[in-house]
There are 2 protein chains.
Amino acid sequence: MQHPAAEHDLRDPHGPYDPYQPPPKATTLAEVARHAGVSPSTVSCVINGKRNISPPTRLRVQAAIDELGYLPHAGARALASSKSRIVALAVPLRADLYVPAMMQIAIAVTTAARRHDHDVLLITNHEGPEGIRRVAGTGLADAVILMDVELHDERIAVLRELGVAASLIGLPADPEGLPCVDLDFAAAGALAADHLADLGHRQVAFIGMGEGVYRRRTGFAERTRSGFEDRCRERGLRAIHRPCDSTYDGAAGVLARVFEDRPGTTALVVQNEAMIGPLLGLLRSSGREVPQDVSVLAIGPDEPAARQSSPRLTSIGLPAHDLGHRAVELVLGENAGEPGVIMLPPRLAVWESTAEPPGG
Amino acid sequence: MQHPAAEHDLRDPHGPYDPYQPPPKATTLAEVARHAGVSPSTVSCVINGKRNISPPTRLRVQAAIDELGYLPHAGARALASSKSRIVALAVPLRADLYVPAMMQIAIAVTTAARRHDHDVLLITNHEGPEGIRRVAGTGLADAVILMDVELHDERIAVLRELGVAASLIGLPADPEGLPCVDLDFAAAGALAADHLADLGHRQVAFIGMGEGVYRRRTGFAERTRSGFEDRCRERGLRAIHRPCDSTYDGAAGVLARVFEDRPGTTALVVQNEAMIGPLLGLLRSSGREVPQDVSVLAIGPDEPAARQSSPRLTSIGLPAHDLGHRAVELVLGENAGEPGVIMLPPRLAVWESTAEPPGG
DNA sequence: ATAGTCATAGACAGCGCTGTCAGGCTCTTG
DNA sequence: CAAGAGCCTGACAGCGCTGTCTATGACTAT
């Protein structure tokens, strides 16, 4: 497992050479200092930019660092500076959430964190809120980002209690003191209603998330729904709302009931991303052409997914990348920790799945 | 012993909660020791179980720990023990991979790591192989798990060079010295062929991954294909293989060509999970019933996904959970680091999407 | 020319924990 | 009853780095 003989001795080349060094001992800051002919603290300062170092010295130190391939020991830094440079990301374990979006956010968080010279530690809800207490309490992480925030999320209490830097992706009932970022789902709902109203639709259906989602954390699902319904009312659209579980048969049932209850429905707004594919298939096989007979507007899928469907979907995407980056910015950036709620404006991408209603 | 120097009282967990506690100073091991009337090293031993502690002492210490809500400082432990108790998980950034499976594996890795009292650090390919060098070199992580391993993966060289504990999910061209775990895709391909042959099919098509996947890292995709084709030959099946990109139109084109080139095709094996939904829809809308007219066997989707389709899919699932757990076991478990290749046997779940060929 | 100022580098004391070591204790045995 | 054998425990020396404080030198202004 270990590298038997390093090609060059990483220790002081002018000092006594000890050939018996089985483990590939990591270079220390002290060795770099000796190599550069400066004191350890100078090296530390060069690395952290904590004080003015004259260019020649900085260069010498830099050269020594490169030459020795020096990497500072993370634990030692964390101990001495009481900063771990690690952000904990609490990801959901839910089955009824759209996974690709979560993954995209997680990746966005990771790349954004790296830009701030931080790493990302994954914690799942498996441990429950105690996981947060653990990583924050041990100093493993010095910031926490919560995903899939519920309206009354028990993790929030832990965050407040610990006073740890944190940001939320999602909007709880009481965001007091905690920075949050989320898509403005109410505006998204309204935007969807507007688009359909503008096209001339008069009777529309909102196919939402599974019932469990509404029951549990009415957050984004409920916001979308009410934003949509309010705007429908304003624009004189008749709207119905139907929750939809993430199963093919569930989608089939919902779709059948929609056209049974409201045969005049000419447009569907779909929030449960996992069901868009099946719904399109069902519409097709029931002889309804999209968008000639019925328009479909999706809320939530990412751009590429929407463009890969057939027909290409008119949709309001989830800005996964933005959400991740903003969350990191809120917790590590300039104005880190300043509470505040950022609602990202929804953007409607019009493609081929919406059109004027038949005979419209 | 108890100098009044520490008149700074320890918070009573049952007392009123004071929201104004700007510096929630963390308890240290020394404080616990004082509180329990023992020496710091004794407390350390109680925590790490490094030596025999008499039950009464252990109990006193345990009580003090609980009472003070003590959590050891991760950085200090890492420094003193040169073990970070962190596993780095290198996740892919690819767009052409099935994301839900990746997420499931990541979650399995995380829960398994927790069982070994480790945490998981996320690193993306964004940093390239240098990310691995960084987390291992700084002692941030003391083990690395690679996902989405390519046949000739440049990250493997870094792993070998650093001599860091590692395990791979996937199978590179040369796994020498590195423990690997993967689904036995060749066996999966053979199993698929057997199932279809048993049902009486004579002419079948394999709809594979996107061409890029074959070009880049022929690993699992190529293994599946050859396992399938070899077995088809043995069983006297006529088989064709078609790569399939992850777009609706791509799937449509592939499907059309399959039936054009081989009108007698009665069964499809699909490996590109993202395209299963679209393919089922296309079959339906082209008037082919599944499984009456054509059988469909999926390789890769997880059980729940397969059961949510309509019809429920006969499939060989990717054992995401097992893969994650095994990978952790290989790198942290009893026989950690022992190189060896674990090929998980494929399991075929027969549901409704396969049947005898028409007129069979 | 001399005192005062600033810029720069070094010394040093920890950060909180681990792990080794030797010593003190009780218990056993001749 | 005394000496040997174990079992616990406390003392102690770092792990590698940070950050503050002080010392040194060069430079400016009088």
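Proteins come first, then strands; the chains are lettered A, B, ... in the order of their sequence lines, and each starts at number 1. Every value quoted in this text rests on a predicted model; they were computed, and no experiment measured them. Excluded from the calculations below are hydrogen atoms, water molecules and symmetry mates; all remaining heavy atoms, backbone and side chain alike, are included.
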Summary of salt bridge (charged side-chain N to carboxylate O under 4.0 Å, His left out) pairs that have at least one residue in residues 121-135 of chain B, sequence neighbours excluded
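Those involving residues 121-135 of chain B are A:Arg114-B:Glu127, A:Asp119-B:Arg134, B:Glu127-B:Arg134, B:Glu130-B:Arg133, B:Arg133-B:Glu161.
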side-chain hydrogen bond (donor to acceptor under 3.5 Å, both in side chains) partners for [X], two or more places apart:
X        : result
B:Thr57  : B:Ser54
B:Thr110 : none
A:Thr42  : A:Ser39

TODO: May I ask you to say what A:Val43 touches in the nucleic acid, namely base, sugar-phosphate or nothing, with a heavy-atom cut-off under 4.0 Å?
DONE: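 Nothing, no heavy atom under 4.0 Å.
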Leading and trailing nucleotides of DNA chain D with any atom under 4.0 Å from heavy atoms of chain B: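 Nucleotide range with atoms under 4.0 Å of chain B: D:dC8 to D:dG16.
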Listed by chain and number, what are the ring-ring contact (aromatic ring centres under 6.0 Å, His included) partners of B:His325, not counting sequence neighbours?
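Scan of B:His325 (ring-ring contact (aromatic ring centres under 6.0 Å, His included), adjacent residues dropped) gives B:His321.
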Its contact letters, B for base, S for sugar-phosphate only and - for none at protein heavy atoms under 4.0 Å, make nucleotides 19-26 of chain C read BBB-----
Straight-line distance of [X] [atom1] to [Y] [atom2], nearest 0.5 Å:
X        : Y        : atom1 : atom2 : result
B:Glu31  : B:Leu68  : CD    : CG    : 7.5 Å
A:Glu150 : A:Ile156 : CD    : CD1   : 9.0 Å
A:Asp148 : A:Arg155 : CG    : CZ    : 6.5 Å
A:Leu159 : A:Asp153 : CG    : CG    : 9.0 Å

Next on the checklist: What residues from residues 53-60 of chain B pass a heavy-atom cutoff of under 4.0 Å to DNA chain D?
Outcome noted: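 The answer is B:Ile53, B:Ser54, B:Thr57.
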Note to self: Would you say that B:Val328 contacts B:Val87 through its side chain, given a criterion of any heavy-atom pair below 4.5 Å between the two side chains?
What the structure shows: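 In short, these two side chains do not touch, never coming nearer than 4.5 Å.
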By the side chain to side chain donor-acceptor pair (under 3.5 Å) test, which pairs, at least two apart or in different chains, include something from residues 327-336 of chain A?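 Sorted result for residues 327-336 of chain A: A:His116-A:Glu329.
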Give me the bend of the helix from C:dA1-D:dT30 to C:dG30-D:dC1, using the axes of the five pairs at each end, rounded to 10°.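 Comparing the axis at each end, I get an angle of 40°.
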Quiz item: When you match B:Ser39 and A:Ile47 each to their closest nucleotide on DNA chain D, which lands nearer the 5' end?
Solution: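 The 5'-side residue here is B:Ser39.
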Which pairs would a plain distance check flag for residues 139-146 of chain A, meaning a side-chain donor or acceptor within less than 3.5 Å of a matching protein atom at least two apart in sequence or in another chain?
| unit_1 | atom_1 | unit_2 | atom_2 | d |
| --- | --- | --- | --- | --- |
| A:Asp142 | OD2 | A:Ser84 | N | 2.5 |
| A:Asp142 | OD2 | A:Ser84 | OG | 3.2 |
| A:Asp142 | OD2 | A:Arg85 | N | 3.1 |

**Message:** Please enumerate all residues that pass side chain to side chain contact (heavy atoms under 4.5 Å, CB included) together with B:Ser44, with sequence neighbours excluded.
**Reply:**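 By the side chain to side chain contact (heavy atoms under 4.5 Å, CB included) rule, B:Ser44 matches B:Leu29, B:Asn48.
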